[in-house]
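Let me begin by presenting the structure, written as structure tokens, before commenting on it.
In what follows, chains are A, B, ... by sequence order, proteins preceding strands, each numbered from 1.
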Amino acid sequence: MGRITLDRVQKKFGDVEVIPPLDLIIEDGEFVVFVGPSGCGKSTLLRLIAGLEDVSGGEIRIDGRPATDLPPAKRGLAMVFQSYALYPHMSVRKNIAFPLKMAGMAQDEQDRRIAKAATALNLTDYLDRRPGQLSGGQRQRVAIGRAIVREPAAFLFDEPLSNLDAALRVGMRMEISELHKTLATTMIYVTHDQVEAMTMADKIVVLRAGHVEQVGSPLELYKTPRNTFVAGFIGSPKMNLLTGAAAAAHGAATIGIRPEHLDVVDSGGTFTGRVGVAEHLGSDTFFHVHVPEMAEPMTVRAGGEVGLTHGDTIHLTPRAAHIHRFDAQGLRIA
Amino acid sequence: MATQHSRTSARIMVAPAVFVLLVWMLVPLCMTLYFSFADYRPLRATFDAWIGFDNYVSFLTSDSFLSSVGVTLQMVAGILCITIGGGVVLALLLDQPMFGQGIVRILVIAPFFVMPTVSALVWKNMFFNVDNGLFSYLWRFFGAQPYDFLSQAPLFSIIVIVAWQWLPFATLILLTAVQSLSSEQLEAAEMDGAPPLSRFWHIILPHLSRAITVVILIQTIFLLSIFAEIFVTTNGAFGTRTLTYLVYQRVLESQNIGLGSAGGIVAVILANVVAIFLMRIVGKNLDN
Amino acid sequence: MARAISTPKKIMWTALAWGVGLLIFFPILWTFLTSFKTEATAISDPPVWFLFDWTTENYSDVLARSNYPLALMNSIIIAVGSTLLGIVIAVPAAWAMAFVPGKRTKDVLMWMLSTKMLPAVGVLYPLVLIAKYLNVYDSRIMLIVVLMLINLPIIVWMLYTYFREIPGEILEAARMDGASLGKEIIYVLTPMALPGIASTILLNIILAWNEAFWTILLTTVDAAPLTKFIASFSAPEGLFYAKLSAASIMAIAPIIVMGWFSQKQLVRGLTFGAVK
């Protein structure tokens, strides 16, 4: 079981309020991702849940029991750190065994759990090596192994993939997702990468400057961003946010159109511009289009067969159903 | 993360170190300060607890003070020139591709671990000695008149001895700095068409400037209190009496405690001038 | 990254570097060679290099001299004693400053460093006076305490920089894994800190062994370590080069060996972390 409730949780460092009072419910078995730009307080929030930082106000409950004043070890949570935080002087086996040893578990039960975790994570051949002799991906697996053997109420991940190279990251992303499906344990995952958030989460919490901007499933955030910040943060390439006459035409201060919701037409169209850069990926083509009346270039996603290149004139029409409207405060107009 | 409880225990853990250093710094220094205003000559059984600034006036206006400051400056400057110049060259040399780099480094570093009295005596007797020293053989081999280093050029001789001891220190630190220079930066300069000399001048030397400053400051702190090398070679004679040595002589040889203490306070003040610069650099480094 | 380096160039650098290296090392080498000569060979003209009758007589002569073993013993006791005493005081302090830094931590560290820059002559007479008053002049305990005090700032600084390199996340991981503070110290912190403590000990033994201001001025015979013993050769009679060499080699050999092991720590220790 791992239902985590945050009730008016607040964090101050001295006089600086990093997290204003915040409510959040994480259901048992859910994969929740905290996402936001660096410095948004997502790691601090995770560390408050872990018990590595003291809350300045409010209450944390784990499975209904108050956990606010419990030390980290008593909360029944396991954490995977950004730097993996493996014990360099212990073998992989001892690293994984450490939490079990601290809990005073019988040796044969320890061995059984280590063997099981090692098999699941492909670490069986490396159990007697030191962390220093392992690759980044293997270290990551050891850190995960150390977390799963405890059979915690919930897993906490603090940007676990940011030290891996791009190819490994995709692989580990899927391994973690699969692990979640197998274990069906609550996972809280912190990242600044919205692609990780979109692909892994059941529920995304978008944070900015300690505030929760929006909570919802990946598709909810994609389809109905609550404000311009979420609109710009979720989705890749980024949504085009247009102001001025184009927005006024729709009765809004800002309108947002995703690159995939702009169609390239032969003539006419709502926007006419010149192609700055054309990125041909084969399956898709991304155009960066300079439209004379716009300050920023617009990004357009078109099919791979569209052959326009630098300097060509391009005509664009947005799909009316997919235009997001925001008011002067940046809030979504329903 | 740090709770009130851990703060308190942290203070208790730091306390012994702070306490002993505080006692070490304050008690003797206050005594010196006290003596520096007294006429205190135990051999003549003179003790007059307050004579104002007389000691300072007579110490600062004496010829021996001025000449000792001159000697100290020449000595420190000479040693710094040799060790920094030689250190940069050696650091660059040791950074080149070669066979047995580790062994060469060991050879170069070794003098730093030789105790001061040993190096001073070995140089004095086996190299500088006018009758049996190796340099005399060398001079005679080339048909020259053997040169009596320690009486003809005593200051230079001491500079050579101490520079030999400190050259490894400068080399080691500068080598660390040279090796931290990214080879990409040098390759970029090479691509930009900079010849070796201007690469040295515009890229390597500026990169080393911080390490050089640190070497200068740390060595100065240590060099200002050179003692054993002078003690066993010239005993302060022939114009090799540094400020440190002068104070030592006033205090322990002529037992003029008041005068010597005033000199000691002067030495403390002068050393602090250097120390402030060093502390700034170290302090900046502590922040990041 | 590495470009192919032509062998002739590499040989040229090798020759040059070895030449310079041997030149710098030469005084030590020459002392070593001389220590195995007879006194007559030691000053022969022209000097002999390797082809002489090697003898260990000088070593046995020096060892037989009344106070050499005493001086050696004093050096060992003073260097090791002052270092261990310093470690006992410095470890808790460095530990607390590295892991529970407060607003004043930086000031305390800088102040400790400033005590290192106090010129010894500034406090020479008070120390002599205190030593005589407490009846510890020319005693090992006096030198152990004094050398501990002058090296304590370096010990604290070195330990502090080592402890600070232990990543906080690892300690947090241990806490998450259910380790109590005691177990955190036994299983995680101590094993990770031991190499740093060991190299600090090594470097400080070297510094204490070679200290030659207080060891010369605060001793006469009983507590005189090798620095003082060697200094007594400065006014000897008769032929003594070979014996001086033998005594010198015995005084410096163990420290040079230790020094080679601690090259890397040397930079860190003596620059207070300003150059790494």
Exercise for review: Go through the atoms of C/Thr215 and report whether side chain, backbone, both or neither lie under 4.5 Å from a heavy atom of chain B.
Suggested key: neither
Check your understanding: What part of B/Phe127 gets closer than 4.5 Å to chain C, counting heavy atoms only: side chain, backbone, both or neither?
Key -> side chain
**Study point:** Contacting region of C/Leu129 [heavy-atom separation from chain B under 4.5 Å]
**Key:** side chain
Study note, to complete from the structure: To the nearest 0.5 Å, atom CH2 of C/Trp30 lies from atom CH2 of B/Trp123 at 13.5 Å
Exercise for review: Decide yes or no for B/Phe113 and C/Met258: does some side-chain heavy atom of the first lie under 4.5 Å from some side-chain heavy atom of the second?
Suggested key: no
Check your understanding: Heavy-atom distance under 4.5 Å to chain B: side chain of C/Ile206, backbone, both or neither?
Key -> side chain
Review point. Side chain, backbone, both or neither: which part of C/Leu152 has an atom under 4.5 Å from a heavy atom of chain B?
Key: side chain
**Study point:** Side chain / backbone / both / neither for C/Ile89 at chain B, heavy atoms under 4.5 Å
**Key:** both
Point to revise | Heavy-atom contact with chain B under 4.5 Å, split by part of C/Ala251 | key: both
For residues 220-231 of chain B, tabulate all N or O donor-acceptor pairs below 3.5 Å that involve a side-chain atom, not counting sequence neighbours.
from	atom 1	to	atom 2	distance (Å)
B/Thr220	OG1	B/Ile216	O	2.4
B/Ser225	OG	B/Phe222	O	3.2

Exercise for review: Quick one: do B/Tyr40 and C/Tyr125 satisfy side-chain contact (heavy atoms from CB on, under 4.5 Å)? Show the steps, please.
Suggested key: CA-CA 11 Å; B/Tyr40 181 23; C/Tyr125 192 71; 3.6 Å; yes
Check your understanding: What is the minimum heavy-atom distance between C/Ile150 and B/Trp24, and which atoms define it?
Key -> CG2-CZ2, 3.5 Å
Exercise for review: List in chain and number order the residues that pass salt bridge (Lys or Arg N to Asp or Glu O under 4.0 Å) with C/Glu169, two or more places apart in sequence or in another chain; answer none if no residue qualifies.
Suggested key: none
**Study point:** Distance in Å, B/Leu134 CG paired with C/Phe26 CZ, rounded so as to fall on 0.5 Å steps
**Key:** 5.5 Å
Exercise for review: Select one option (side chain, backbone, both, neither) describing which atoms of C/Leu22 are under 4.5 Å from chain B's heavy atoms.
Suggested key: both
Review point. Just how far is it from atom OG1 of C/Thr14 to atom CD of B/Gln101, taken to the nearest 0.5 Å?
Key: 9.0 Å
Review point. Any idea which of B/Met115, B/Arg140, B/Met31, B/Arg105 has the most non-hydrogen atom pairs under 4.5 angstrom with chain C?
Key: B/Met115
Point to revise | Nearest atoms (heavy-atom pairs only) where B/Pro116 meets C/Ala212 | key: CG-CB, 4.0 Å
**Study point:** Contact origin within B/Tyr137 toward chain C - heavy atom pairs under 4.5 Å
**Key:** side chain
Review point. Where on C/Ile216 is there a heavy atom nearer than 4.5 Å to chain B: the side chain, the backbone, both, or neither?
Key: side chain
Revision key, fill the gap. Taken to the nearest 0.5 Å, the spacing of B/Thr244 OG1 from C/Phe213 CZ works out to 7.5 Å
Review point. Say you draw a straight line from CG of B/Asn125 to CZ of C/Phe240; how long is it, rounded to the nearest 0.5 Å?
Key: 3.5 Å
